[in-house]
*Asks:* 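Before anything else, here's the structure in question.
Every chain is numbered from 1 and lettered A, B, ... according to where its sequence line falls, protein lines coming before strand lines.
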Number of protein chains: 2
Amino acid sequence: MSRPREFDYDKVLHQLMLVFWQKGYKGTSLTDLMESSKLKKPSIYGAYGDKHAVFIKALRLYRMQAMESIQQLLSRENSALKTLELWKSNLLDSDSSNCPKGCFIVNMALELGTEDAEAKVEIDALFEDSEKLLEEVIRRGQKNLEITSRYPARIIAQNLATAQHGVRVLEKAGASPDKMKAILDYSIESILADRDA
Amino acid sequence: MSRPREFDYDKVLHQLMLVFWQKGYKGTSLTDLMESSKLKKPSIYGAYGDKHAVFIKALRLYRMQAMESIQQLLSRENSALKTLELWKSNLLDSDSSNCPKGCFIVNMALELGTEDAEAKVEIDALFEDSEKLLEEVIRRGQKNLEITSRYPARIIAQNLATAQHGVRVLEKAGASPDKMKAILDYSIESILADRDA
DNA sequence: TTTATTATTGACCGAACGGTAATTAAAAGT
DNA sequence: ACTTTTAATTACCGTTCGGTCAATAATAAA
């Protein structure tokens, strides 16, 4: 018993996310959001809330998509090495794709730090979850003797996650895909098991 | 034959840098700069130029200080391992010190990306120079058989630099010093030579 | 067909933004 | 003492910011 909205809520939220991803939180104005969504201010406000609420919804959407993406990596029952290669390709592909540079969450972690409590929830959640998924991959690889057991899986996973953050920094700063590839190649190669013995 | 300025140019620039470091470029208003420097708007403008010019001067100051700091690490003729330990302590100390979280340059790299050409000069310069200094340390360590020669010094240095960026991300996001220490410990330990043979 | 509810629109708000013109004050050169 | 030059202060400018009010339009329920 009411007028239905004339736009696709999820589709528009995706568009809004892209704007925040590209321009940052403070760098995005309501005018930017209006242009990309082709909605007027009160429509955005009515559907998603104020600027900060839109932003948090955008962060959450990004996190969900990112989580799904990396969970798919693991669900396919590949070897640990193959999974890590897919992880690497994923990082390199996103660089050449048409979406904004870098990881939205990492970008926002550095813009907002720990000041925005709601944003911090999303940031911490993605960081922890992706670290845990990497740990699971490493654990598998250690059981299969693909990956060194010289260090605990957790430590190795922490380091891979940190390397990923670092690569995101380089990506955003305009580093070449070749350089990013070299770094990720090393990150993987240096934890292979056949070095041990 | 003119009136001298009543404040210390360099001291005030340092203060202004801290504001940009803490609040980011877009997050810093002229009012913020006025409060921290205790100067009025036209005084700031007269001495340093407009907001963007102040910002670039602040970035350059930070880069100079950072460069000097890491060059000092190398100039003391320690072993490569000792130098890397100092490098690690440096990263961990800056976390517990009273200056803003994270690396100013990394923060700005992620806020501005490649859009601000003048800022990009400073960002690229610090990234490249710190990578080169790390490469020099690694090269020394390889000659002394302290550090593995399984990979070229340049690759190892790239990876250490990337780990540093990643740690800066974690620091800014509020990670514990313990976690950062664990990651840096691994980064160093995993390139020691006594693993090879 | 009427009524209730909600989406959309256009106009508008006060506040904060970066920046500047005009004035006053202070030093140095003559 | 007087002029010149530059710093500091005050008041102000136009623009953009995020947000909202009032009016209109569209749907579903009665």
*Asks:* By nearest atom, which of the nucleotides D:dT10, C:dT9, C:dA27 is closest to the B:P4 side chain?
*Replies:* C:dA27

*Asks:* Which whole-number value in Å describes the distance from B:K38 NZ to D:dA8 P?
*Replies:* 16 Å

*Asks:* Examine the base of D:dA26 for any acceptor or donor lying under 3.5 Å from a partner atom in the side chain of A:R3, and report the outcome as yes or no.
*Replies:* no

*Asks:* If you count heavy atoms of other groups shown closer than 6.0 angstrom to CD of B:E115, is the number above 12?
*Replies:*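 Atom CD in B:E115 is not crowded, with 12 or fewer foreign heavy atoms closer than 6.0 Å.
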
*Asks:* For DNA chain C, which residues of residues 5-17 of chain B approach it to below 4.0 angstrom with any heavy atom?
*Replies:*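 Correct list: empty, so none.
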
*Asks:* Pull out every residue in residues 24-34 of chain B that has a heavy atom closer than 4.0 Å to any atom of DNA chain C, ordered by number, or say none.
*Replies:* B:T28, B:S29, B:L30, B:T31

*Asks:* Side chain to side chain donor-acceptor pair (under 3.5 Å) with B:K101: which residues, sequence neighbours excluded?
*Replies:*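 With sequence neighbours excluded, B:K101 shows a side chain to side chain donor-acceptor pair (under 3.5 Å) to B:D95, given in chain and number order.
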
*Asks:* Classify the side-chain pair A:S79/A:N144 by whether it contains a donor and acceptor separated by less than 3.5 Å.
*Replies:* no

*Asks:* Tell me, which of residues 41-53 of chain B have any heavy atom that sits under 4.0 Å from an atom in DNA chain C?
*Replies:* B:K41, B:P42, B:Y45, B:D50, B:K51

*Asks:* Using the ring-ring contact (aromatic ring centres under 6.0 Å, His included) criterion, which residues pair with A:Y62? Sequence neighbours excluded.
*Replies:*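 By the ring-ring contact (aromatic ring centres under 6.0 Å, His included) rule, A:Y62 matches A:W21, A:F104.
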
*Asks:* Given B:I70, which of B:D129, B:L133, B:T83 fulfils the side chain to side chain contact (heavy atoms under 4.5 Å, CB included) condition?
*Replies:*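 The option that passes is B:L133.
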
*Asks:* Is the count of non-hydrogen atoms from other residues, nucleotides or ligands lying under 6.0 Å from B:K143 atom NZ greater than 12?
*Replies:*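 Counting other residues, nucleotides and ligands, NZ of B:K143 stays at 12 neighbours or fewer.
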
*Asks:* Select one nucleotide: of C:dT5, D:dT5, D:dT10, the one nearest the side-chain heavy atoms of B:K40.
*Replies:* D:dT10

*Asks:* Distance to the ring centre below 6.0 angstrom and angle to the axis at most 45 degrees; does that hold for A:K51 and A:Y25?
*Replies:* yes

*Asks:* Can you run down the ring-ring contact (aromatic ring centres under 6.0 Å, His included) pairs that involve residues 64-83 of chain B, sequence neighbours left out, and say none if there aren't any?
*Replies:* none

*Asks:* Would you please test B:R168 and B:E171 for salt bridge (Lys or Arg N to Asp or Glu O under 4.0 Å) and show each step?
*Replies:* CA-CA 5 Å; B:R168 293 302 205 177; B:E171 179 188 358; 3.1 Å; yes

*Asks:* Is there a donor-acceptor pair closer than 3.5 Å between any side-chain N or O of B:Y48 and the backbone N or O of B:Y9?
*Replies:*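 Answer holds: yes.
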
